[in-house]
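Since the structure comes first, as structure tokens, the remarks are kept for the end.
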Amino acid sequence: MKQRIWYILKTYLLTVAIFAIAKVVFMLSYHHAHSFAFTDICQVIWHGLSLDLSTALYFLIVPWLLTVASLWLPIKAYIFKGYYILMALAFSLAFVADTSLYAFWGFKLDASCLDYLSTPTEAMASVTTLYLLVRILLILLTFFLIFMAYSRLCGTPATRTALTGREDGSHGSRGRLSLEACIYALMIPFIIIGIRGGIGESTTNIGQVYYSQQQFLNHAAVNPVFSFLASFEKTASYIPDYHFDDDEKCQQVIHELFSTESINSDTLLNTTRPDIVIVLLESAGELFAPFMPHLQSLKQQGVRFDSCYANSWRTDRGTVCTWSGFPSFPTSSVMKMPSKSRQLPSIARTLQAEGYHTTYLYGGDINFTNMRSYLLSTGFERLHWQKDYTLEEQKSAQWGVRDDITCNTLYDLITHEKSPFLIGYSTLSTHDPWDVPVKIRDNEIENAFSYLDQCINTLVERLKKTPQWRNLLLILLPDHSMDFNGISEHDARRNHIPMVWIGGAVKAPKAVSVICNQTDLPATLLGQLQLSHRQFRYSRDVLSKNYTQPFAVHTFNNGISVIDPSGFALYDLNTQKTAVEHSPVSQQLIYRGKMVLQAATEAIKNMNKTTP
């Protein structure tokens, strides 16, 4: 009896120890990017212990069941070994994936990684073959170490071979059997309560391990296996129930903050029917302005929106925000929900109804993150993408056709398309692994943005020499920004993005300093074209006289940040607490962000799935 109970305890404690060791390895892997002391490692292990203890209980269930069964059945050793193999495989995959992906994502492993398995080529475009080989070797090494630890330190419990547990069938043996069975039965509520995290209303969650103002330490304390399991059904196509206040109160707030009409808008254009090109510059936030001098020059030649902020942190989210004027979600992607995304309003659909010819250009895989479905269902008639290029061009960059090549394609489309037209274009070279064909700067990230800047400038200079320039409105803005030089989501500068309108259709250079979101592009653009934007419920004409409460909302993985003229505030959805308060009215800002998130959630959930 003692040997079997000791086996259960050893298995449990070893699992907890493995989780703690994984935290240390995770932190040491990022010591070059994040400063911390030995005491921080101890704090991370201590604060993450509650989640480790709970997660380890999930993996104790099978050994517990096998041990209970061994009271009556001769459970073979290879069955325990088989379970160790499964645990070692699951843990090694989770630990290596979590440590590897954190550099790209900035948050702990969750089920969103599964959304990229349908397009593995695109998903792996940011890494080299050597990088993948090293990770495979690390997985194999980690698997071997974990498996050997369970095999050597835990082994297998002693089993009984008969109903009574002994061949003589003595009453003493039966008594010990009954006592042991009772002990295992008493373990059941402890396992259940431990997995749940107690008997109170709050259950085990990621936020319970957060303890520091340094987000890296909070992330290090999170158990990646639990993070993955907790989000398994909450992939990018799942929308959590964001409900913060009464629905009627929420709608009242939204009505006050978002107007669907333009009133005496400042006129920026010399025509109401320009040919329009909207370019989404991959990741090109204002953080990279020092490396994009040509873009700074273009700002002076047209209309620049100096206080524009990205709504999201991913291309699929930012694309929907730009074209449909619909807010982003922290952990969900509307683009990956065809039944929902096709019902969103779109600049392309609105202009198509006005006789515009619509085309979208992207040098990568247009099927990635369901991009094709979204573009076609929201008004783009023609798609020009990676497969329309030669094999050599398709392989010119990890993500697909590099930007200088696609910029040439964009030039051809503009100069040959029948007016009026709308062309959308997404660049891709300013993305890991930063593989661009020129060496302008030593730093590979800075170099990639300088390359993009060069590509855009060459395009503009060529277009200026064409007759199409006279009626052209070229809008440049990023799909999102990214962490750089230690500036993360907790800093308002992180999501500051440029938005520039240039071309012959622009009346005169002008600076628009009012705070706005990229979701405000549809209403602002349509206001200039004297077209209704009533369908764009969450897009505001920032040039309209009724735009009196300027603010910008941004969502990232389980967080919301809001900025207005008073300052900046950030709310952590994991801890359900305000994490940054750089405004005298921070709680008011957070409340606005919550209401936008709640209203958008209800809007997308209430969409009729069968509506074409």
Side-chain angles (χ1 to χ4, degrees), residues 254 257-263 265-269 272-281 303 305 307-312 315-328 334-335 340-356 358-360 374-375 377-380 420-426 473-480 497-501 505-506 512 514-544 546-547 550-554 596 599-600 603-604 607:
I254 294 300
L257 296 176
F258 294 88
S259 173
T260 57
E261 293 183 334
S262 295
I263 300 176
S265 294
D266 187 8
T267 303
L268 303 179
L269 308 179
T272 59
R273 288 299 179 271
D275 295 321
I276 303 170
V277 177
I278 299 177
V279 180
L280 291 182
L281 306 170
V303 179
F305 294 75
S307 300
C308 185
Y309 290 84
N311 286 83
S312 185
T315 296
D316 51 321
R317 278 85 155 171
T319 300
V320 173
C321 292
T322 302
W323 291 101
S324 294
F326 194 81
S328 61
V334 181
M335 183 180 280
K340 306 290 188 180
S341 63
R342 67 187 183 192
Q343 299 180 62
L344 292 175
S346 169
I347 295 173
R349 183 185 291 131
T350 299
L351 294 186
Q352 186 185 42
E354 294 295 317
Y356 274 71
T358 57
T359 304
Y360 206 91
Y374 169 73
L375 294 174
S377 62
T378 55
F380 282 101
F421 60 78
L422 168 69
I423 300 175
Y425 168 47
S426 291
L473 171 60
L474 177 62
I475 299 176
L476 306 171
L477 79 162
D479 51 357
H480 58 84
I497 60 173
M499 179 160 68
V500 186
W501 295 17
V506 175
V512 179
V514 65
I515 291 176
C516 60
N517 263 138
Q518 71 191 113
T519 43
D520 296 322
L521 174 61
T524 304
L525 175 60
L526 295 177
Q528 292 297 300
L529 305 185
Q530 297 180 11
L531 296 174
S532 172
H533 53 86
R534 288 181 177 273
Q535 289 182 301
F536 297 84
R537 187 67 188 85
Y538 302 95
S539 184
R540 306 159 296 181
D541 183 349
V542 302
L543 300 172
S544 175
N546 59 2
Y547 184 54
F551 72 98
V553 179
H554 173 84
V596 172
I604 207 73
M607 285 183 177

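- Here the closest non-hydrogen pair linking Ser262 and Ala523 is OG-O, 4.4 Å.
- Checking Thr315 against Asp479 by side-chain atom types alone, a donor-acceptor pair falls below 3.5 Å.
- Residues Tyr356 and Thr350 bring no donor and acceptor atom of their side chains to less than 3.5 Å of each other.
- Looking at Leu525, Leu529, Leu531 one by one, the single match for side chain to side chain contact (heavy atoms under 4.5 Å, CB included) with Ile347 turns out to be Leu525.
- Across Pro478 and Gln518, no two heavy atoms sit closer than the pair O-NE2, 3.7 Å.
- Proximity of a side-chain donor or acceptor of Thr358 to a complementary backbone N or O of Gln352 within less than 3.5 Å is not detected.
- Side-chain contact between Glu261 and Ser544 is absent, with no heavy atoms from C-beta onward closer than 4.5 Å.
- Note that CE of Met499 and CD1 of Ile475 are 7.5 Å apart. Values are rounded to the nearest 0.5 Å.
- If you take CD1 on Ile278 and CG on Leu521, they are separated by 5.0 Å, rounding to the nearest 0.5 Å.
- For Tyr374, the ring-ring contact (aromatic ring centres under 6.0 Å, His included) test picks out no residue, with sequence neighbours left out.
- Looking only at distances, no side-chain donor or acceptor of Gln535 sits under 3.5 Å from a matching main-chain atom of Thr260.
- Separating the OG atom in Ser341 from the CG atom in Leu375 is a distance of 9.5 Å, to the nearest 0.5 Å.
- Within the 3.5 Å criterion, the main-chain N or O of Ala310 finds a donor-acceptor partner in the side chain of His554.
- Of all heavy-atom pairs between Pro274 and Leu269, the closest is CG-CD1, 4.2 Å.
- The ring-ring contact (aromatic ring centres under 6.0 Å, His included) test with Trp323 is passed by exactly one of Phe380, Tyr425, Phe536: Phe380.
- Side-chain contact check for Phe421 versus Val277: some heavy-atom pair is nearer than 4.5 Å.
- Minimum heavy-atom separation, Asn517 to Asp520: N-OD2, 2.8 Å.
- No option in Val512, Asp541, Leu268 other than Asp541 meets the side chain to side chain contact (heavy atoms under 4.5 Å, CB included) test with Thr524.
- With hydrogens and angles disregarded, a donor-acceptor distance shorter than 3.5 Å links the side chain of Ser539 to the backbone of Thr519.
- For the atom pair CD1 of Ile497 and CG of Leu281, the computed distance is 9.5 Å after rounding to the nearest 0.5 Å.
- For the pair Lys340 (side chain) and Val334 (backbone), a donor-acceptor distance under 3.5 Å is absent.
- At distances below 3.5 Å, at least one donor-acceptor pair connects side-chain atoms of Ser324 with backbone N or O atoms of Pro345.
- A donor-acceptor contact shorter than 3.5 Å links the side chain of Arg349 to the backbone of Ser377.
- Atom NE2 of residue His480 and atom OG1 of residue Thr319 lie 8.0 Å apart, to the nearest 0.5 angstrom.
- Considering all non-hydrogen atoms of both residues, Leu526 and His533 come closest at CD1-CB, 4.0 Å.
- Here the closest heavy-atom approach between residue Tyr547 and residue Phe551 is recorded as OH-N, 3.6 Å.
- A distance of 12.5 Å separates CG of Leu473 from CZ of Arg273, quoted to the nearest 0.5 Å.
- Below 30°, between 30° and 60°, or above 60°: for Phe258 and Tyr538 the angle between ring planes is above 60°, a perpendicular geometry.
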